[in-house]
Visitor: 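One structure, pasted below without further comment.
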Amino acid sequence: MYLRTRTALKSMKRHSLCNLGGTVRPAPQRWLNRMVFLCFREGKKMVDFSTEEGRKRYRHTSSHILAHAVKRLWPETKLAIGPAIEDGFYYDFDREGTFNKEDLDRIEETMRQIIKENLPIERIELSRDEARKKMESLGEIYKIELIDELPEGEKISFYRQGDFTDLCAGPHLESTGEVKAYKLTMVAGAYWRGSEKNMMLQRIYGTSFPDKGMLKEYLDRMEEAKKRDHNKIGRELKYFMTADCVGQGLPIMLPKGAKVLQILMRFIEDEETNRGYLYTRTPFLAKSDLYKISGHWYHYRDGMFLMGNTALIDESGETTDGSEVFALRPMTCPFQYHAYLNESRSYRDLPIRYAETSTLFRNESSGEMHGLIRVRQFTISEGHLICTPDQLEPEFKGALDLATYVMRCIGLDEDVSYRFSKWDINNKEKYVGTAAEWEAVQTTMRKILDDLGLDYREADGEAAFYGPKLDIQIKNVWGKEDTLITLQIDFQQAKLFGMEYTDRDGTKKFPYIIHRTSIGCYERTLALLLEKFAGALPLWMAPEQARILPISDKHIPAAKEICDEMRKQGFRVGTDERDEKIGKKIRQAQLEKTPYMLVVGDKEMEEKTVSVRSRYEGDLGSMTLDAIMVKISEEVKTKAIF
RNA sequence: GCCGAUGUGGCUCAGCGGUAGAGCAAUUCACUCGUAAUGAAUAGGUCGUGAGUUCGAUUCUCACCAUCGGCUCCA
């Protein structure tokens with residue numbers, strides 16, 4: 001059972017504001033929630049910026065001011081949508097030519113004007129016909145499309161500020177003058193309604209705050225985030241690298257990165273074994289025949305690396321000359337199903353919990369890759385729980401328990417949210433199975449989640465093609481969410497593969513399958529760890545736990561001896577034998593975030609001690625070698641998170 | 001794949017239509033050192049790749065590759 005020790009907790013407090021080798025400890029997103037003065041009122045109801053509603057309203061009005069400014073500068077621009085988002089807002093525009101840096105400056109200047117004019121913002125309601133006519137007269141084709149899709153009977157509202165009117169549900173601030181501090185941050189392409197079949201629009205992102213200080217605080221925090229971005233420090237601290245000629249999304253894990261992954265893998269494999277998982281080791285590639293059974297061939301082929309004469313694959317998915325096509329595995333499921341199929345199964349055999357530390361290959365689109373967060377080859381803690389309907393609930397809960405335990409141990413249990421990912425009823429061809437089956441399994445899953453008292457949100461269209469998921473999402477330094485862990489209920493694949501078990505009454509039945517990860521993707525986890533701890537990984541995961549620093553070259557033999565002894569005891573240590581002064585060796589170890597530095601000089605050789613320096617607390621004085629080894633192993637054993 | 005930005009020695013960055021500089025790192029030498037950088041010297045780049053414009057391209061144009069931020073997707 002994992003427990004944070006008293007000392008660990010104390011240290012956490014002590015270090016919470018402490019400088020970690022040049023970077024300040026994280027406080028992701030929390031600053032957003034602090035109380036701020038009331039910045040506007042509407043009727044009797046006070047709304048303030050410390051509430052989500054208040055921020056939304058503030059940013060939404062900001063986006064209207066942005067659109068207003070763009071319309072003033074380029075009247076021919078067509079408006080799409082411009083919502084408030086977390087930390088800011090954006091507006092999508094359709095315009096000939098692109099927005100460059102100078103354009104953004106001009107837009108900001110015009111926004112300043114509009115704010116200075118302090119235009120009152122008023123709500124106007126129009127009938128559908130009037131609304132449509134108004135937008136037609138302005139040539140706002142995107143707005144017309146939006147109006148046509150509004151449900152019958154719904155009031156169609158517009159908001160007007162000066163000579164600018166926009167279709168909008170609101171609500172808004174009372175006048176443009178209330179926006180005090182704002183900044184346009186970037187331009188990006190975005191498809192109309194998010195579909196690549198549609199027109200590519202230009203999206204301008206920005207943010208706004210009720211005072212300049214808060215804006216500056218936000219911008220500073222973004223600068224800070226840049227400093228702890230895993231893609232930067234992971235390369236600087238030599239955890240991984242990429243090489244152009246290897247290819248996009250194919251990082252090379254350097255010794256430090258590889259060591260952390262090994263530590264994590266061993267931890268997971270041991271923990272899962274303790275919890276009754278059975279390990280498999282399955283091929284990295286298979287014939288298309290396998291993926292045809294699983295449905296990947298029809299629902300996921302674009303995401304797979306294919307080998308063979310792929311040019312001959314026709315619309316039905318067959319090669320025109322009947323030749324074989326292989327594919328690198330994008331998931332392990334179909335292989336583990338065959339492990340199940342290897343013998344006939346009875347209800348007495350269930351549940352069967354298969355796990356594999358599984359390297360997968362997915363042909364992500366080229367614009368998608370990002371450091372270690374999104375890559376084309378990665379390794380996950382994959383597993384499939386094959387169970388009877390009765391076992392579905394306890395197995396699901398067990399898998400979730402494992403996941404939350406793991407998150408706590410590695411220190412990634414903050415800024416986490418749960419997403420219940422469901423299918424999209426309007427997009428049935430993306431999924432396997434009937435509507436009735438989907439509704440049934442989603443109802444079951446919702447019941448389990450409610451039963452667990454989980455605070456989750458529902459998301460349509462986020463399910464896997466074979467079933468709904470519980471995604472555990474985590475925010476990275478930029479505040480962007482990524483899936484850390486996923487638990488999926490699959491009610492289709494057992495049928496597709498003919499996986500049966502003989503029930504108590506002698507009849508054959510199809511089991512349920514839970515696809516799950518316990519730590520998710522190892523590479524991604526490493527990235528999140530590097531960001532969360534600004535490269536200073538907790539001792540139990542640190543690739544180098546201590547470095548022995550001889551004062552001068554006559555102390556090198558003693559340092560080596562200490563190093564050998566500690567390695568023998570299972571510690572990850574090294575020595576710095578360079579001909580440099582101790583100050584320089586310490587500086588370097590400190591910059592490389594080495595948890596403990598053990599200084600050896602005349603005094604220590606005489607006293608048979610080492611002088612201990614912690615990366616957080618500095619000089620701790622001298623200790624015997626045994627004492628420091630006990631201290632380190634205690635920290636490792638409790639998996640203390642600093 | 002699409003939109004935008006970027007690409008100069010191992011790293012961080014200057015610079016410029018006339019074939020390149022700094023700091024750190026590296027190497028060598030001296031110093032034998034006590035808790036975040038000892039000093040000196042040396043070496044290292046066909047300026048992402050390819051094509052075009054030009055008397056001449058690292059600098060201008062185009063294509064490709066890679067990186068970064070978005071969109072779609074997703075662990």
Side-chain angles (χ1 to χ4, degrees), chain A residues 19 21-22 90 92 98-101 185-205 226 229 231-232 235-236 238 241-249 300 302-303 330-331 358 360 362-375 378-382 421 430 461-462 464 469 471-474 478 480 482-486 488 515-517 519-525 527 549-556 579-591 597-604 611-615 618-622:
Chain A
N19 191 306
Y90 68 79
D92 285 347
T98 57
F99 294 108
N100 58 29
K101 187 79 189 59
T185 48
M186 63 177 168
V187 185
Y191 297 106
W192 167 237
R193 325 212 84 179
S195 166
E196 60 194 336
K197 294 184 191 86
N198 290 336
M199 182 78 177
M200 171 68 75
L201 306 171
Q202 289 185 71
R203 175 172 298 179
I204 297 178
Y205 282 92
K226 215 184 278 177
D229 186 340
N231 211 358
K232 184 175 155 57
R235 290 171 197 271
E236 274 172 11
K238 301 191 185 129
M241 60 165 288
T242 50
D244 287 7
C245 59
V246 175
Q248 254 194 312
Y300 201 77
D302 287 347
M331 297 170 195
S358 182
L360 306 178
R362 296 187 188 173
N363 194 4
E364 301 287 348
S365 340
S366 62
E368 259 313 310
M369 256 63 77
H370 168 65
L372 294 178
I373 294 279
R374 171 127 314 121
V375 289
F378 54 96
T379 301
I380 67 168
S381 59
E382 185 147 21
S421 300
K430 263 178 77 179
E462 296 286 348
K469 307 191 284 182
D471 291 315
I472 306 180
Q473 308 282 114
I474 188 161
W478 301 101
K480 209 188 140 182
D482 277 300
T483 303
L484 180 63
I485 288 169
T486 178
Q488 314 173 353
H515 303 237
R516 47 98 272 174
T517 60
I519 197 173
C521 168
Y522 285 98
E523 289 82 353
R524 181 176 287 185
T525 300
L549 310 178
I551 296 278
S552 76
D553 57 7
K554 64 177 188 251
H555 308 111
I556 290 177
D579 181 16
E580 294 291 350
K581 289 192 167 170
I582 192 69
K584 179 146 187 180
K585 292 181 184 177
I586 284 172
R587 177 180 155 80
Q588 189 145 354
Q590 200 72 52
L591 289 174
M597 287 147 266
L598 310 180
V599 178
V600 183
D602 286 338
K603 199 181 96 192
E604 290 76 12
S611 191
V612 179
R613 185 189 161 97
S614 141
R615 68 181 161 193
D619 198 347
L620 298 180
S622 55

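Lettering follows sequence order; numbering is per chain, from 1.
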Visitor: Under 3.5 Å, is there any donor-acceptor pair linking the side chain of A/Tyr205 to the base of B/G4?
Guide: no
Visitor: Below 3.5 Å, does any donor atom in the side chain of A/Gln202 face an acceptor in the base of B/G70, or the other way round?
Guide: no
Visitor: If the condition is ring-ring contact (aromatic ring centres under 6.0 Å, His included), which residues does A/His555 pass it with, not counting sequence neighbours?
Guide: none
Visitor: Of A/Asp244 and A/Gln488, whose closest RNA chain B nucleotide lies nearer the 5' terminus?
Guide: A/Asp244
Visitor: Under 4.0 Å, counting only non-hydrogen atoms across every strand here, what does A/Gly583 touch: a base, just sugar-phosphate, or nothing?
Guide: sugar-phosphate
Visitor: Rounded to the nearest Å, what distance is computed from the NZ atom of residue A/Lys238 to the P atom of nucleotide B/U12?
Guide: 12 Å
Visitor: B/U35 C1' sits how many Å from A/Ile582 CD1, rounded?
Guide: 7 Å
Visitor: When you measure from the side chain of A/Gln248, which nucleotide among B/A66, B/A36, B/G1 comes out closest?
Guide: B/A66
Visitor: A/Gln588 has an atom CD; how far is it from atom P of B/C24, in whole Å?
Guide: 14 Å
Visitor: Mind calculating the distance between CD (A/Glu236) and C1' (B/C24) to the nearest angstrom?
Guide: 12 Å
Visitor: Does A/Lys584 put a side-chain nitrogen or oxygen below 4.0 Å from OP1 or OP2 of B/A25?
Guide: yes
Visitor: Tell me what A/Lys232 touches on the nucleic acid: a base, only sugar-phosphate, or nothing, going by heavy atoms under 4.0 Å.
Guide: nothing
Visitor: Side chain of A/Asp579 only, please: which of B/A75, B/U35, B/A30 is the nearest?
Guide: B/A30
Visitor: When all nucleic acid strands are considered with a 4.0 Å heavy-atom cut-off, which category describes A/Thr483: base, sugar-phosphate, or nothing?
Guide: sugar-phosphate
Visitor: Provide the distance between the two C1' atoms, one in B/U35 and one in B/G44, to the nearest whole Å.
Guide: 34 Å
Visitor: Please evaluate the base of B/A75 for a donor-acceptor partner in the side chain of A/Glu364 within a cut-off of under 3.5 Å?
Guide: yes
Visitor: Applying a 3.5 angstrom cut-off to the pairing atoms, does RNA chain B sit in any stems of at least three consecutive Watson-Crick or G-U pairs? List them by first number.
Guide: B:1-7 with B:65-71, B:10-13 with B:21-24, B:26-30 with B:38-42, B:48-52 with B:60-64
